[in-house]
Every structure is written in structure tokens, then in C-alpha cells.
Amino acid sequence: MINIMKKVIFILILVSCKTMEPQSDVLNSGLDELPNYEQKIFVANHFSSDSIEGPTIYRGSLYASNGNQIVKINLDDGKKVDVLATPVPGAKFNGLAILDDTLYALDEKGKRIYEVDLEQGTVKPLANLDFSPNDLVVYKAKNQLYLIITSPVWESTVKGKIYSFNLTTRQVALLKTIDTKEVNGIVLDNENELWVNHHDQLVSLKLTVNAGELFAEEKSRTPVMPDCKYMDGMKMIDGDRFLVSCYQNNHLAVISTGGSSDILSLDTDIGNPTNLVVLPSGVVYVTIRNSKKGKDDVDIIEMVPRG
């Protein structure tokens, strides 16, 4: 059952119409000011697992992972939630990406990449991995996926890594080892730079080809952001700004490549923000874990520009 909370004035970013869909990771909003937003519950107390991940938008629907299954949610009101495909026993899906009517899903627990046909709902494994993947991004021009691996905070010796997965050859290759743990979000910008977040900092990497092999060379890091601890989901909103979920701080942040940030506080009763997706319209959907709402348990919140 959908529970709709009272509207709360919320400060955020972006503009435009809800029906548009993102064509790339970079929205190029060109927005100079932060308009008022309304924050409300989009889906509540619906999923059986607290691990609601993804999410991604495609052709008017929001796709998210719920434990070992992928769900499709009607963007009009969130009331129609369908299981897209047969649940995969033992899987724990997290990162999702869509390219040409095909959804690619990472299985954190089973260490696999899956392919889901959006028309038929069929699921098939593409590759077995030697690591637990966390998030991914599509590089359409090269028919590649870029995957990141993270580690629990207590495994301090494990470093974050970025891998490429060639959708044609089905080959996995190591692109870069990041000298830190907690690599959680990844974005590809229009200049073929990869951006990843780790703990409380953003890292920029330039994709390069040497002797026919693809590498990622670290270019820069933003200053440490103490007001955005345990960065998780991340989306680029224009040429040099990112919207990032700050899991420990229970808020979102707009962070520039120069290191400045604006904090966007959430309702403290909502819980911890994990991943997010942004429409060119400015509508933002955020998945929530560890909800504090009791019977009004929140799975996904929606932020809508006012006026």
C-alpha cells in the first residue's frame, strides 16, 4: 500500500518536464540556482528486502533491484510495481544500467553480471566475476560496461577497483586500482572521464588506450568532504557538479569538481539514502535503507521541483 507523507519544502537542483528521460550521465542542466523542492514518499512498505538498489529510468518506468529480483515501477504515481523477471535464487542485485532495451544487473552476492530482456523479462548470466561488484555505468560508444568493486569498512587492506566489461567479447579487464576502500558510485562524463566516489572524496580518471589496451589514469581528487560521509549513489547534473547521497549524514549533497558543496537535508525520519536517479526534469528518486518510519516504512522517496 502506498503511503503519501505531507509535502515538505526541500531545496535541490535542476528543472524541466517529468516525461523526459536521461540520455547520458551528464544532464547539462546549466542551472545557476537551487529551486524549492517537495519531498514525498514515492513507494513505501512494499519490498520484502531492505536492499533496494539501482535505480535507473527507461521509457517512463523506474527499474530497481530488490534482493534477488528486478522490479519495474510506474513513474506516474508509483502505484504499479511489477516483478520484471523471475527471481534468481541466491542473487543480490545492486547496480543497474540499460542499453538498447537490455538491462544489465550486477549480482553482488553471486559475483555475476546478468542480462535482462526488458520485453520478455528473461534473465541470463553474462559473466562470472572474481569480485563482488557494486555499481556500473555504460559506455555506449565502445559497447562497454565499467564496474566498480568495494569492500566493507572493516577490510581496510582491500582497495577499490574499476573493471571494464566488453559486451561484444564478454571479457573482463582491470582498469584501475584506487588507493582507498569504499568505492561506491561511478559516472562517465562527456569528456570520457570516469568519476568515482569513495568514502568522502571524488576521484577523476581519464580513459586512455596504450598499445591497444584500455586504462584509466587518475587525474585529480576533490578535497575531503566531512559533511558527506560514506558517499554512495552519484549522478552528474552538469559539466562540473554531482548529486551524491551521503549515507552516514542522512542527506544529499551537490558537489562540484572544484570541491565546493551544498547540503540538501532529508527528513530525519526517512532513513539512510543509498542510490539515486535524476530526470532532466529535475525530479529525483532516492532509494532508502534502514527506514525509521515504522509502519510507514519508506523504500523510495521522490523530490519534485515546486512551481
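No experiment lies behind these values; they were computed from the predicted model shown.
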### Task
Using side chain to side chain donor-acceptor pair (under 3.5 Å) as the criterion, point out the one residue from Glu191, Lys219, Glu193 that pairs with Ser204.
Glu193
### Task
Could you check if a side-chain atom of Phe42 sits within less than 4.5 angstrom of a side-chain atom of Ile301, using non-hydrogen atoms only?
no
### Query
So, Phe93 versus Tyr114, ring centres under 6.0 angstrom or not?
yes
### Task
Is it possible for you to say whether Leu126 and Phe131 belong to one hydrophobic cluster, with membership spreading through side-chain heavy-atom contacts below 4.5 Å?
yes
#### Entry: For Asn275 against Gly54, the heavy-atom pair lying closest together
ND2-O, 2.7 Å
### Side chains of Asn272 and Arg289, donor plus acceptor under 3.5 Å
no
### Query
Between the side chains of Asp232 and Asn184, does any donor sit under 3.5 Å from an acceptor?
no
### Under-4.0 Å salt bridge between Glu108 and Lys111
no
### Task
Compare every heavy atom of Lys235 with every heavy atom of Val278, then report the nearest pair and how far apart it is.
CG2-CB, 4.2 Å
### Query
Of all residues at least two apart in sequence or in a different chain, which pass the side chain to side chain donor-acceptor pair (under 3.5 Å) check with Asp101?
Tyr58, Arg59
### Query
Among side-chain atoms of Asn94 and Asp135, is any donor-acceptor pair under 3.5 angstrom?
no
### Query
For the residue pair Phe242 and Trp195, does the interplanar ring angle fall in the parallel (under 30°), tilted (30 to 60°) or perpendicular (over 60°) class?
tilted
### Verify same cluster id: Ile57, Val81 (apolar side-chain graph, 4.5 Å)
yes
### Query
Any Lys/Arg nitrogen of Lys40 or Glu302 sitting under 4.0 Å from an Asp/Glu carboxylate oxygen of the other?
yes
### Message
Would you compute the distance between atom CG of Leu136 and atom OH of Tyr146 and round it to the nearest 0.5 angstrom?
### Response
12.0 Å
### Query
What's the verdict on side chain to side chain donor-acceptor pair (under 3.5 Å) for Thr168 and Asn143, showing C-alpha distance, side-chain angles and the deciding distance?
CA-CA 7 Å; Thr168 302; Asn143 206 33; 2.8 Å; yes
#### Entry: Cluster overlap Val209 with Phe215, hydrophobic side-chain contacts below 4.5 Å
no
#### Entry: disulfide (SG to SG under 2.5 Å) pairs, two or more places apart, involving residues 200-233
Cys228-Cys246
### Message
Between Asn192 and Tyr139, does the side chain to side chain donor-acceptor pair (under 3.5 Å) criterion hold? Intermediate values first, please.
### Response
CA-CA 9 Å; Asn192 294 337; Tyr139 187 7; 3.1 Å; yes
### Query
Would you call Lys80 and Asp82 a salt bridge, using N to O less than 4.0 angstrom?
yes
### Stepwise side chain to side chain donor-acceptor pair (under 3.5 Å) test for Glu213 and Asn210
CA-CA 5 Å; Glu213 295 186 24; Asn210 295 321; over 6 Å; no
### Summary
When every non-hydrogen atom of Val138 is compared with those of Ile98, the smallest separation belongs to CG2-O, 4.4 Å
### Query
Is any side-chain heavy atom of His198 less than 4.5 Å from a side-chain heavy atom of Arg221?
yes
### Message
Looking at every non-hydrogen atom in both residues, tell me the closest pair between Leu175 and Leu214 and how far apart they are.
### Response
CD2-O, 3.4 Å
